[in-house]
Amino acid sequence: SASESNSAMPHSGTMPHMSATTGRADEVVAGAIFRDGRLLLAQRIGPPELAGLWELPGGKAEPGESAEAALRRELREELGVEVAGAQRVGVGVPLDGGRVLRAYRVELLSGEPRPLEHAALCWVDADELEQIDLVPNDRLWLPELRAHLGR
Ligand code: 523
């Protein structure tokens with residue numbers, strides 16, 4: 001296989017979170033959709049420790065899938081919308097299991113977001129973003145999200 005023949009990345013076969021094609025840790029992608037000075041947040045249903053908290057919607061990229069493709073797929077599944085682009089926002093967050101969580105600004109092309117896999121959705125302005133209970137990882141992106149909202 002490609003991974004066995006490439007000595008620069010010999011371990012991807014035994015490290016399921018590593019991409020055999022890029023040698024980078026697989027991602028969990030999270031999408032920041034802005035509209036009319038507001039940011040879309042989604043309320044998690046689970047697991048219990050995250051249920052009720054708000055996040056940038058997204059999920060695990062598939063092996064070999066680009067961040068932009070993963071965002072298109074995940075936001076179609078979770079919100080029923082079409083998005084494009086992938087502009088990094090804030091720090092990457094190492095997760096248990098070796099993946100890295102990264103946020104990206106995406107542009108809403110079509111569809112009105114619906115909570116197909118979340119408890120609810122909301123659009124927050126800069127003041128509301130400060131008040132809402134975000135999942136702990138997503139709080140790390142507050143400075144950049146605030147800046148995108150003009151604060
Ligand atoms: N986060 C997170 N913030 C955030 C997302 C989209 C994900 O902290 N905005 C974390 C939560 C989980 C991990 O990343 O620890 C995977 O996210 P999840 O559960 O939304 O991804 P899925 O839906 O692809 O995962 P499975 O249900 O396991 O397939």
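Position 1 is the first residue of the sequence, and the numbers go up from there.
Judged as a salt bridge (charged side-chain N to carboxylate O under 4.0 Å, His left out), the pairs with a partner in residues 80-91 (not counting sequence neighbours) are, in order, Arg76-Glu82.
Looking at heavy atoms from C-beta onward, Leu129 lies in side-chain contact with Leu149 at the 4.5 angstrom threshold. Val100 has its side chain within reach of Glu27: a pair of non-hydrogen atoms, C-beta onward, lies under 4.5 Å apart. A heavy-atom distance below 4.5 Å is found between the side chains of Leu41 and Ile132.
Under the 4.5 Å side-chain contact rule for hydrophobic residues, Leu79 and Val89 do not share a cluster. Hydrophobic clustering, with ILVMFWY side chains joined whenever heavy atoms are under 4.5 angstrom apart, keeps Leu145 apart from Leu40. No continuous path of ILVMFWY side-chain contacts below 4.5 Å connects Leu95 to Leu50, so the two sit in separate hydrophobic clusters. Using a 4.5 Å cut-off between side-chain heavy atoms of Ile, Leu, Val, Met, Phe, Trp and Tyr, with links allowed through other members, Leu39 and Val106 fall into different hydrophobic clusters. Tyr104 is connected to Leu75 through a chain of hydrophobic side-chain contacts under 4.5 Å among Ile, Leu, Val, Met, Phe, Trp and Tyr, so both are in one cluster.
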Problem set entry | Asp36 and Trp123: CA distance, side-chain angles, deciding distance, side chain to side chain contact (heavy atoms under 4.5 Å, CB included) verdict | CA-CA 9 Å; Asp36 300 335; Trp123 293 93; over 6 Å; no
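Under the ring pair (Phe, Tyr, Trp, His ring centres under 6.0 Å) criterion, His148 pairs with Phe34, sequence neighbours left out. Glu78 meets the side chain to side chain contact (heavy atoms under 4.5 Å, CB included) test with Pro57, Glu74, Glu117, His118; sequence neighbours excluded. Ala120 meets the side chain to side chain contact (heavy atoms under 4.5 Å, CB included) test with Gln43, Trp54; sequence neighbours excluded.
For the residue pair Pro94 and Gly92, the shortest heavy atom distance occurs at CD-O, 3.8 Å.
The backbone N or O of Leu116 lies less than 3.5 Å from no partner atom in the side chain of Arg114, so there is not a single donor-acceptor pair.
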Less than 3.5 Å apart, which donor and acceptor atoms pair up between the side chains of residues 133-144 and the rest of the protein, not counting sequence neighbours?
| from | atom 1 | to | atom 2 | distance (Å) |
| --- | --- | --- | --- | --- |
| Asp138 | OD2 | Leu56 | N | 2.9 |
| Trp141 | NE1 | Val91 | O | 2.9 |

Exercise answer: donor-acceptor pairs, residues 65-72 side-chain atoms, under 3.5 Å, sequence neighbours excluded:
| from | atom 1 | to | atom 2 | distance (Å) |
| --- | --- | --- | --- | --- |
| Glu65 | OE1 | Glu62 | N | 2.8 |
| Glu65 | OE1 | Arg73 | NH2 | 2.9 |
| Glu65 | OE2 | Arg73 | NE | 2.9 |
| Ser66 | OG | Ala69 | N | 3.0 |
| Glu68 | OE2 | Gly85 | N | 2.9 |

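Between Arg151 and Glu130 no salt bridge is recorded (no basic side-chain N to carboxylate O distance below 4.0 Å).
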